[in-house]
There are 2 protein chains.
Amino acid sequence: MPARLRVLDAAAQRFVSQGYAATTLREIAGDAGIKAASIYHHYESKESLFTAVLDDGIAVMVRAFESAANAPDDPDRLLRHVRAHLGALFEHGPYTAAHVTAFFTAPPSVRTAVVPVRDSYELLWNNLLGELLPHIAKAQRPLVRLVLFGAMNSTIEWFDPHGTTTLDQLAELLTDQFLNGVAR
Amino acid sequence: MPARLRVLDAAAQRFVSQGYAATTLREIAGDAGIKAASIYHHYESKESLFTAVLDDGIAVMVRAFESAANAPDDPDRLLRHVRAHLGALFEHGPYTAAHVTAFFTAPPSVRTAVVPVRDSYELLWNNLLGELLPHIAKAQRPLVRLVLFGAMNSTIEWFDPHGTTTLDQLAELLTDQFLNGVAR
DNA sequence: GTCTATAGGGAGATAGAC
DNA sequence: GTCTATCTCCCTATAGAC
């Protein structure tokens, strides 16, 4: 595995678990098996390293969304997209998770650099929800999406993908609860 | 306003918006109108200052929960508790918000010190949901609570309490969506 | 492409005057 | 109760050898 990638992996891991400011380049370098100064051969600064992690995270989510969209006539279309989002969160390393746990620890410059990329992913979801739930007023669509995102993303704080509940089951539970509620 | 409280307020504000590690005692002191060294007359360390903020945050949430519980026969009992939680989040300063945005930037020692206090609040909710939704299996109760918490807490990242939607309306929307879902 | 060495700055925390 | 002064440590980043 090339050093540049080992550094990126280690950085994503550390940023997720400690936040941006609490993570030092020495720690990242140590995890990657090199010295801190060598990081600068691959990335020009700590900030650019974080930006690279976050950009990668969105790319994973967008790819997951798009492959879920490839079977448009599936009656469980929403379920498949929820599963894809959760899959990105839990099965593709800490890159996407960084958006949930570390984004708000990012310095302003990093935050603004990544916002447009995040927006593009959110737009995919707004359109999907508009298509699947046409009875919801357009103005309320982002709000409904934010609630769904809140429920999906918060799983990163408590769900254990190696526990008794599988990711498939979690996706079903979230989708059902989102569509039908918990009252019976 | 006593200096000890000005320091605590400033700390809560800074921790919420920047995270723990990115916040310096010099910034907090500046906001409170004193010098950094003077903080040590009121708090023994930066960590203890953060712990104080988080303890206060839980206390506000517990008080809000309890005053919502004072009318137990209200048919809109869940709504009132959701409203109370959101009220704690948006109307009682940044102390409660610190739990949502800054908790995971806390050093391990702070985290473990606050966990028992958080647990007590979560237990209140588990019991409430068990009472209101008896048809849900006991084992699934925490999961249902976590999804609800995810939806409620994520509002801190996007809801503007001074915008066109009021907190009352937001509470109604979240409660309705939680109970009945978005499908029609 | 990785290293050692180090510059330059800012952090948390302490000492002691007022 | 707040200040100034300062200690000590560790951070990001750079310079230059190999």
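A, B, ... follow the sequence lines: proteins, then strands. Residue 1 opens every chain. Computed from a prediction, not measured in an experiment: that's the story for all the values here.
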Are any protein N/O atoms closer than 3.5 Å to N/O atoms in nucleotides 10-14 of chain C? If there are, list each pair with its distance.
from	atom 1	to	atom 2	distance (Å)
C:dG12	OP1	B:T23	O	3.4
C:dG12	OP1	B:K46	NZ	3.1
C:dG12	OP2	B:L25	N	3.0
C:dG12	N7	B:R26	NH1	3.2
C:dG12	O6	B:R26	NH2	3.4
C:dA13	OP2	B:Y40	OH	2.6
C:dA13	OP2	B:K46	N	3.0
C:dA13	O5'	B:Y40	OH	3.1

Going 5' to 3' along DNA chain D, which nucleotides are the first and last within contact of chain A (any atom under 4.0 Å from a heavy atom)?
-> D:dC11 to D:dT14
Validation row, ring centre B:H81 to ring centre B:F65 under 6.0 Å = yes
Could you work out the complete set of other residues in the hydrophobic cluster of B:L25, with links drawn between I, L, V, M, F, W and Y side chains under 4.5 Å apart?
-> B:V7, B:L8, B:F15, B:Y20, B:I28, B:I34, B:I39, B:Y40, B:Y43, B:L49, B:F50, B:V53, B:L54, B:Y95, B:F103, B:F104, B:V110, B:V114, B:V115
Should the pair B:R83-B:E172 be classified as a salt bridge under the 4.0 Å nitrogen-to-oxygen rule?
-> no
Students should find that the hydrophobic cluster of B:L5, defined by side-chain heavy atoms under 4.5 Å apart, otherwise consists of B:M1
Hey, quick one: are A:L179 and A:V182 part of the same hydrophobic cluster, counting side-chain heavy atoms closer than 4.5 Å, chains of contacts allowed?
-> no
With sequence neighbours left out, which residue pairs that include part of residues 103-117 of chain A fulfil the side-chain hydrogen bond (donor to acceptor under 3.5 Å, both in side chains) condition?
-> A:E47-A:S109
Enumerate the residue pairs fulfilling side-chain hydrogen bond (donor to acceptor under 3.5 Å, both in side chains) with a member in residues 67-76 of chain B, sequence neighbours excluded, ordered by first and then second residue.
-> B:D74-B:R80
